[in-house]
Amino acid sequence: MEAALAVATEALAVDEVPIGCVIVENSSGRILGRAHNRRLLDADPTAHAEILALRQAAAALGDWRLENCTLAVTLEPCPMCAGAIVNARVARLIYGCADPKAGAVRTLYNLCDDPRLNHRVEILSGVLAEPCGRLLSDFFRQRRG
C-alpha cells in the first residue's frame, strides 16, 4: 500500500485526483503494474489507476488472467474497476480508504466477492486508510480554494 500511496502522490504534479494503484505478482513480489488516475491527461473516462495498472500487469505477464497477483489501491474501487478486477481474476485486493460515493467493494456494492459471479477476490480494506483519505481530502480542499 505504501507503493500505491507513493504513486498517488505523483498524480498531484499533473493535477489528477491522487489515486494510486500497484499490482504485484504474489510469487516473486515483482511489481507488474503501477499507475495513478489519468482521466484529465488522457481525456479518457476509463483511465482510472486500477484499469491502467491492470493493462500494464496483463502486458507484463502476456496474459489477461492475473490469478497470482495482488492489487493495492488507495481508494475503494468503483463499479467499473471492481468489475475489471473480478474479470482479470485478481487473487487479492488491498485498498486504503472507503469511497462513500462510488465504492463497489464494500460500501455501496460487494462486486469483488459476490457469490453470483464466477470469481471472488480476497479483500483487505482499510490499509493506511488515514493517509490515503487525507491525500484525497487535501486535494479536493485545495481545488475548492
Side-chain angles (χ1 to χ4, degrees), residues 1-113 119-145:
M1 183 56 75
E2 289 176 355
L5 198 50
V7 173
T9 62
E10 294 172 13
L12 296 172
V14 292
D15 203 32
E16 286 280 358
V17 177
I19 299 168
C21 179
V22 295
I23 299 176
V24 177
E25 185 176 40
N26 294 336
S27 56
S28 69
R30 176 174 62 128
I31 293 178
L32 301 173
R34 69 183 299 281
H36 59 72
N37 272 24
R38 293 183 52 96
R39 292 189 307 171
L40 294 173
L41 286 173
D42 297 349
D44 180 353
T46 69
H48 289 202
E50 300 96 321
I51 299 297
L52 299 172
L54 285 166
R55 289 176 183 154
Q56 290 175 10
L61 289 176
D63 192 349
W64 61 268
R65 293 174 198 86
L66 304 178
E67 298 167 319
N68 185 35
C69 294
T70 295
L71 183 148
V73 63
T74 55
L75 180 67
E76 178 182 6
C78 71
M80 174 182 69
C81 294
I85 289 165
V86 170
N87 284 326
R89 312 293 194 269
V90 170
R92 186 173 193 215
L93 165 66
I94 300 170
Y95 70 88
C97 56
D99 185 350
K101 294 182 179 181
V105 177
R106 289 280 184 259
T107 304
L108 300 178
Y109 308 103
N110 292 8
L111 289 178
C112 289
D113 60 358
H119 176 73
R120 278 164 289 296
V121 180
E122 178 187 339
I123 301 163
L124 179 60
S125 61
V127 176
L128 296 179
E130 196 277 325
C132 290
R134 186 173 0 103
L135 186 63
L136 287 162
S137 296
D138 290 351
F139 174 79
F140 287 113
R141 187 172 17 268
Q142 289 174 352
R143 290 193 88 181
R144 287 190 283 271

Handout entry: Validation row: His48, Ile19 side chains within 4.5 angstrom (heavy atoms)
Key = no

Practice task
Would you mind reporting whether Thr9 and Phe139 have side-chain heavy atoms less than 4.5 Å apart?
Solution key: no

Exercise for the section: Please name the pair of heavy atoms, one in Leu52 and one in Ala35, separated by the smallest distance, quoted to 0.1 Å. Expected result: CB-CB, 3.6 Å

Completion exercise
Nearest heavy-atom approach of Leu54 to Ala88 is CD2-CB, 4.0 Å

Handout entry: Min side-chain heavy-atom separation Leu135-Leu12 under 4.5 Å
Key = yes

Problem - Nearest atoms (heavy-atom pairs only) where Trp64 meets Asn87 - result: CZ3-O, 3.1 Å

Problem - Close side-chain approach of Leu136 and Pro18, heavy atoms under 4.5 Å - result: yes

Exercise for the section: Could you tell me whether the side chain of Pro131 reaches within less than 4.5 Å of the side chain of Leu5, counting heavy atoms only? Expected result: yes

Fill in the blank from the handout: Nearest heavy-atom contact between Ile23 and Cys69 is CG2-CB, 3.9 Å

Problem - Student check: side-chain heavy atoms of Glu25 and Leu61 closer than 4.5 Å - result: yes

Practice task
List the atom of Leu124, the atom of Arg92, and the distance in Å for their closest heavy-atom pair.
Solution key: CD2-NH2, 3.5 Å

Exercise for the section: Could you tell me whether Arg89 and Glu67 have a side-chain N and a carboxylate O separated by less than 4.0 Å? Expected result: no

Practice task
Ignoring hydrogens and angles, tell me if any N or O in the side chain of Glu50 forms a donor-acceptor pair with the backbone of Cys21 under 3.5 Å.
Solution key: no

Exercise for the section: Can you establish whether the number of heavy atoms outside Glu10 located under 6.0 Å from its atom CD is more than 12? Expected result: yes

Problem - Short side-chain to backbone donor-acceptor contact, Thr74 and Cys132, under 3.5 Å - result: no

Problem - For the student: nearest non-hydrogen atoms of Leu128 and Met1, plus distance - result: CD1-CG, 3.7 Å

Problem - Under the side chain to side chain donor-acceptor pair (under 3.5 Å) test, residues paired with Thr107 that sit two or more places apart - result: Glu76

